[in-house]
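Values below: every heavy atom of this structure, side chains too, minus hydrogens, waters and symmetry copies. From a predicted model like this one, the values you see are computed outputs, not experimental measurements.
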Amino acid sequence: MNDAVKTIVILGAGQAGATVALGLRRSGFDGSITLVGEEAHLPYERPQLSKELLFENDRPPRPIKSEDDYRSQSITLELGRQAASVDAASKRVRLDDGRQLPFDRLVIATGTRAKRLPAVLDGRSGVIALRTIEDACALRAALVPGRSLVIVGGGVIGLEVACAARSRGCEVTIVEAGDRLMSRSVDATVSRFLDRMHRNAGVDIRYRSTLDACLGERRLRLSGGDVLEADQVLVGIGVEPNTRGFEPLGIADESGIRVDAWGRTAIESIFATGDVASQPIGDRHGRIETWANAQNHAAAVAANLLGQQTRYEAPAWFWSDQGATNIQVVGDACAGRAVARGDVDGDVFSVFRLADTGHVAGATTVNSSRDMAIARRWVAQRVRVDPARLADPDVPLRDCAV
């Protein structure tokens with residue numbers, strides 16, 4: 001343990017920030033920990049915003065820990081606050097209320113913010129980007145039987161909300177600028193399944209379309225000229241890293257706060273983790289916006305803050321529950337050769353992606369968690385497989401490795 005580190009300030013009180021703080025205490029760190037969060041809520045995990053909070057009317061938000069838990073572990077919470085600036089030379093953070101916090105180590109875990117809404121929606125009521133508890137509660141209140149919801153963006157959040165809205169009796173239309181669903185995360189085979197599943201549930205999907213104009217409070221015109229009824233609009237067109245205020249430090253790239261495999265920035269005293277971190281991904285850097293990364297990368301950073309050398313190399317992994325369907329993705333599920341296992345026209349199958357070397361680079365499973373358990377090990381260990389055996393569902397999956 002690094003005896004020179006007595007004071008740690010964590011900017012960002014989401015899942016990653018809270019995991020660092022709690023991990024430090026579990027590792028025996030007895031110095032000062034301050035957790036600064038822009039939202040007034042106790043730290044919570046965001047996946048619930050598009051899942052259980054929308055399905056259950058009386059479901060309260062679930063914090064990671066209670067206020068008493070933080071108090072008992074001597075973790076100071078500064079909620080409803082954010083950093084105005086950071087002075088790396090003097091090792092001080094100035095908060096937006098003017099107070100200054102000294103630090104020996106600083107962790108940036110400020111996450112992301114929703115990309116700006118299309119200008120055509122400026123001034124229109126009933127428009128939400130699902131990023132906070134308040135957003136989820138407002139959206140839940142708007143999901144009334146018979147009302148119409150237009151979702152801009154066919155990514156994970158949009159599809160999960162579409163399921164919740166249909167279950168609550170709403171008419172749902174997805175407006176997607178591209179030509180398939182979840183195109184950044186899954187391949188065309190899985191996108192076709194998603195299209196079929198959501199259309200069978202009554203969702204109207206408009207591809208290669210963008211919003212062109214608002215025609216009053218309840219009507220939207222698309223780029224192709226079609227007009228949609230919209231009591232509520234959800235914008236899910238992606239996110240941007242919360243790097244505002246950190247630019248003078250010179251540690252940001254186009255994806256976020258750039259870190260190495262140990263979570264360290266170019267400034268020795270500053271680390272970053274969670275969705276804001278631009279992490280090594282093969283031969284490039286980029287954000288990994290998943291629950292697992294926010295949890296596991298943050299745990300590694302907590303260890304490294306105390307002088308350990310914990311290199312983080314876990315492949316990206318996430319899941320999405322869309323109605324009764326569970327989709328899981330590991331590694332790069334779009335690159336390389338595709339090998340399907342099972343009936344891709346059914347509701348249970350997997351698609352593996354093989355690199356030129358024959359090792360498994362990524363996989364997507366649909367209602368097949370057993371396949372994913374093996375796929376995650378294969379991707380992490382760069383296991384080579386026999387494509388012909390992999391494609392044969394009568395061959396046990398474990399027997400496909402070579």
Side-chain angles (χ1 to χ4, degrees), residues 151 153-160 162-163 174-209 236 238 281-282 288-290 315-380 382-401:
I151 299 172
V156 173
I157 296 299
L159 297 183
E160 290 183 353
C163 291
I174 294 175
V175 178
E176 169 55 47
D179 57 5
R180 59 187 184 89
L181 300 174
M182 279 181 64
S183 60
R184 290 195 308 152
S185 305
V186 301
D187 68 8
T189 298
V190 180
S191 291
R192 285 193 293 271
F193 163 79
L194 292 168
D195 180 275
R196 170 166 52 87
M197 181 188 77
H198 284 281
R199 289 188 190 276
N200 287 344
V203 177
D204 183 9
I205 304 173
R206 309 293 183 95
Y207 293 112
R208 304 178 188 88
S209 296
I281 306 173
I288 303 176
E289 301 161 10
T290 69
W317 167 67
F318 75 90
W319 75 92
S320 175
D321 291 324
Q322 300 179 23
T325 297
N326 173 258
I327 297 166
Q328 297 188 51
V329 179
V330 64
D332 189 339
C334 296
R337 174 186 176 185
V339 179
R341 183 177 175 88
D343 181 7
V344 297
D345 294 320
D347 297 326
V348 181
F349 65 91
S350 302
V351 180
F352 291 82
R353 306 296 298 205
L354 307 186
D356 292 341
T357 58
H359 75 268
V360 180
T364 304
T365 61
V366 175
N367 295 319
S368 186
S369 57
R370 289 184 178 179
D371 280 8
M372 180 52 64
I374 295 175
R376 290 179 67 187
R377 291 198 297 272
W378 282 354
V379 172
R382 296 174 61 86
V383 171
R384 294 177 66 249
V385 296
D386 181 327
R389 294 173 68 82
L390 183 62
D392 185 350
D394 291 330
V395 177
L397 191 56
R398 288 183 177 83
D399 294 342
C400 297

Response to the item:
For Thr290, the side chain to side chain contact (heavy atoms under 4.5 Å, CB included) test, sequence neighbours excluded, returns Ile288, Ala292, Asn293, Phe318
Item to complete: Report the residues that fulfil side chain to side chain donor-acceptor pair (under 3.5 Å) with Thr365, sequence neighbours left out, ordered by chain and then residue number.
Response: none
Practice prompt. With side-chain contact (heavy atoms from CB on, under 4.5 Å) as the test, would you mind laying out the steps for Val330 and Gln328 before giving the verdict?
Written response: CA-CA 7 Å; Val330 64; Gln328 297 188 51; over 6 Å; no
Response to the item:
For residues 335-349, the salt bridge (Lys or Arg N to Asp or Glu O under 4.0 Å) pairs (sequence neighbours left out) are Arg196-Asp347
Worksheet entry | Qualifying residues under side chain to side chain donor-acceptor pair (under 3.5 Å), relative to Ser368, sequence neighbours excluded | Asp371
Item to complete: With sequence neighbours excluded, tell me which residues meet side chain to side chain contact (heavy atoms under 4.5 Å, CB included) with Ile157.
Response: Ser50, Leu130, Val161
Fill in: Heavy-atom closest contact (Gly158 atom, Ile151 atom, distance)
O-CD1, 3.3 Å
Practice prompt. For side-chain contact (heavy atoms from CB on, under 4.5 Å), just list the numbers for Tyr207 and Leu181, CA-CA rounded to whole Å, side-chain angles, deciding distance to a tenth of an Å, and then say yes or no.
Written response: CA-CA 9 Å; Tyr207 293 112; Leu181 300 174; 3.5 Å; yes
Worksheet, complete the sentence: Hits for side chain to side chain donor-acceptor pair (under 3.5 Å) against Gln322, two or more places apart or cross-chain, chain-then-number order -> His198, Ser320
Worksheet item: With side chains defined as the heavy atoms from C-beta onward, is the minimum distance between Phe352 and Leu397 less than 4.5 Å?
Response: yes
Item to complete: Only one of Val366, Thr325, Leu159 passes side-chain contact (heavy atoms from CB on, under 4.5 Å) with Met197; say which it is.
Response: Thr325
Response to the item:
Heavy-atom closest pair (Leu354 atom, Pro387 atom, distance to 0.1 Å) is CD1-CG, 3.9 Å
Donor-acceptor pairs under 3.5 Å, side chain of residues 355-362 to any protein atom, not counting sequence neighbours: which ones?
| residue | atom | partner | partner atom | Å |
| --- | --- | --- | --- | --- |
| Thr357 | OG1 | His359 | ND1 | 2.4 |
| His359 | NE2 | Arg382 | NH1 | 3.4 |

Discussion item. Quick check: do Arg199 and Ile205 have side-chain heavy atoms less than 4.5 Å from each other?
Written reply: yes
Fill in: Atom of Ser209, atom of Val175 and distance for their closest heavy-atom approach
O-CG1, 3.4 Å
Worksheet entry | Closest contact, heavy atoms only, Ser185 versus Val329 | O-CG1, 3.8 Å
Fill in: Donor-acceptor pair between Asp321 and Asn326 side chains, under 3.5 angstrom
yes
Discussion item. I'd like to check the ring-ring contact (aromatic ring centres under 6.0 Å, His included) partners of Trp319; sequence neighbours left out, ordered by chain and number.
Written reply: Trp291, Trp317
Worksheet, complete the sentence: In short, salt bridge (Lys or Arg N to Asp or Glu O under 4.0 Å) pairs touching residues 326-336 with sequence neighbours left out are none
Worksheet item: Going by heavy atoms in the side chains, are Leu194 and Met182 under 4.5 Å from each other?
Response: yes
Worksheet, complete the sentence: For Val379 and Pro315, the nearest pair of non-hydrogen atoms, with its separation, is CG1-CB, 3.7 Å
Worksheet item: Closest heavy-atom contact between Asn367 and Ala324?
Response: OD1-O, 3.7 Å
Response to the item:
So salt bridge (Lys or Arg N to Asp or Glu O under 4.0 Å) across residues 383-393, not counting sequence neighbours, yields none
Discussion item. Apply side-chain contact (heavy atoms from CB on, under 4.5 Å) to residues Thr189 and Phe349 and explain how you reach the verdict.
Written reply: CA-CA 10 Å; Thr189 298; Phe349 65 91; 4.3 Å; yes
Fill in: Listed once per pair and sorted, the salt bridge (Lys or Arg N to Asp or Glu O under 4.0 Å) pairs that draw on residues 174-194, sequence neighbours left out
Asp187-Arg353
